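Just so it is clear, the model here is predicted, and its values are computed rather than measured. Each chain gets a letter, A, B and so on, in the order its sequence line appears, and its residues count up from 1.
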Number of protein chains: 2
Amino acid sequence: MLKLDPIDVRQSASAADLVFEALRKAIVEGDLAEGEHLRQDHIARLFNTSRIPVREALKRLEQDGLVTNERYRGTVVAALSSAEVEEIFEFRALIESEIVRLAVPRLTPEHLAEAQRHLQAFASERDPSLWGEINRNFHYSLYAAADRPYHLQVIRSSLDRVDRYLRAQLTLTDGIGRARAEHQAIYDVCAGGNADEAARLTRAHILDASRSLLAFLDQRRR
Amino acid sequence: MLKLDPIDVRQSASAADLVFEALRKAIVEGDLAEGEHLRQDHIARLFNTSRIPVREALKRLEQDGLVTNERYRGTVVAALSSAEVEEIFEFRALIESEIVRLAVPRLTPEHLAEAQRHLQAFASERDPSLWGEINRNFHYSLYAAADRPYHLQVIRSSLDRVDRYLRAQLTLTDGIGRARAEHQAIYDVCAGGNADEAARLTRAHILDASRSLLAFLDQRRR
DNA sequence: TTAACGCGGATTGGATCCAATATACAATTC
DNA sequence: GAATTGTATATTGGATCCAATCCGCGTTAA
């Protein structure tokens, strides 16, 4: 009998899924400015599809808080107030420090090796547009050891909302320098197996970025 | 000149919004069993509408994790494994204890009065089908004082996922009795202004329900 | 007997068409 | 000239239609 690798041939990505992922990525990475109108017809043409899958994608983005919709007026990229940004960073500090605490006792050499790769990439990468992605990967490589899929999902969702601001903050004077130093410190205590200290440093790292970012936002918005 | 109260006449609820809310409520309250198929055409007829708004509602529910969708195979009410239920309760224990810690110093007499009303309703209500709603309201009346909209939104979302299981747990032997006692204890320390103790009791309350529920689920699923 | 095959209805995904509403701008009135 | 009104166009929300896929069931062949 013929034997083949049982690859799932079912293409699970519908047009709506593709549009959703593309728009999500564009918003998270800051390629779509906050307040920008997302016209159904325009997006549909970009993807060579009709407005139906576009509308489904926009509904999903709305549910994630990445866009807002007003009936008959359309969908715009969500804009966050300083207070909202601050609250989300506070939330991240709470949950990400806890996930690190859970992760540290479970860290394997493989986890640490991957984290170190991202650490080095972060140190050597010159292109600021890549820092955000590397930053995410570094933290996620540690969080993965916690083996808490729901927590990770919530972390992803909360970071998605503020990542474009965070990426702007990284490019500020000293933003990248402090991030590098703090990452190294977090990595060191993780490798040393000190869960409480890793949690404390992660919390401080997030709140530090928050303070720097809010100072920048408040200044820019005046 | 004619003067009228400037009421916003714009009806913000689209058909998709109404369908979404109705389905969400039905799933959260356990009226739709896990694994049940949600046929677009059937739902559309129920609401006297076409399948288009139904599909948008289903996409939003999927984004919230309340249903799962497989291409060309349809949408079913999500079923959670015991491990997933356990993780979500662990998550709730973390974030709800923290929100209580933030809320206590900000509690006004009005907040406490509302919490006490829910406490009494919880104590006197005979109809088990209403316990879940009252339970939510009691906790939310305390959480509201924290004034953290994003945290509250995440709390709502996580509770939505497990509320149908929690409601089943409340009707178990002693489930409602322990919940009543623990609510009273939480209320007392909140009214006394002891934030740390309120957080500790909230955490214990959630983990207590989790243990009881998991024992029940593991037994039922065998 | 049973497993593979194929057909037809059921269901979902997507395209196109129509209705409802908003917005920009010209026309009009004071 | 400014405010208001009417109108044309753009855009969204929803309905209907078509295509792709799944699934149950009967048929057939080994």
Self-check item: Ring-face cation contact, B/Phe89 with B/Arg92, 6.0 Å cut, 45° max
Solution: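 B/Arg92 over B/Phe89 ring: yes.
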Quiz item: Quick one: salt bridge (charged side-chain N to carboxylate O under 4.0 Å, His left out) partners of B/Glu90, sequence neighbours excluded?
Solution: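 Expected list: A/Arg148.
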Self-check item: Nucleotide-resolved protein contact map, nucleotides 12-18 of chain C, B/S/- at heavy-atom distance under 4.0 Å
Solution: BBBBBB-
Exercise. Hey, could you give me each pair passing salt bridge (charged side-chain N to carboxylate O under 4.0 Å, His left out) that has a residue in residues 75-89 of chain B? Not counting sequence neighbours.
Key: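 Every pair satisfying salt bridge (charged side-chain N to carboxylate O under 4.0 Å, His left out) with a residue in residues 75-89 of chain B: there are none.
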Quiz item: Going by an N to O cut-off under 4.0 Å, is there a salt bridge joining A/Glu133 and A/Arg167?
Solution: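 A salt bridge links A/Glu133 with A/Arg167.
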Exercise. Return the orientation label for the B/Phe138 and B/His183 ring planes: parallel under 30°, perpendicular over 60°, tilted otherwise.
Key: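 Parallel, since the angle between the ring planes stays under 30°.
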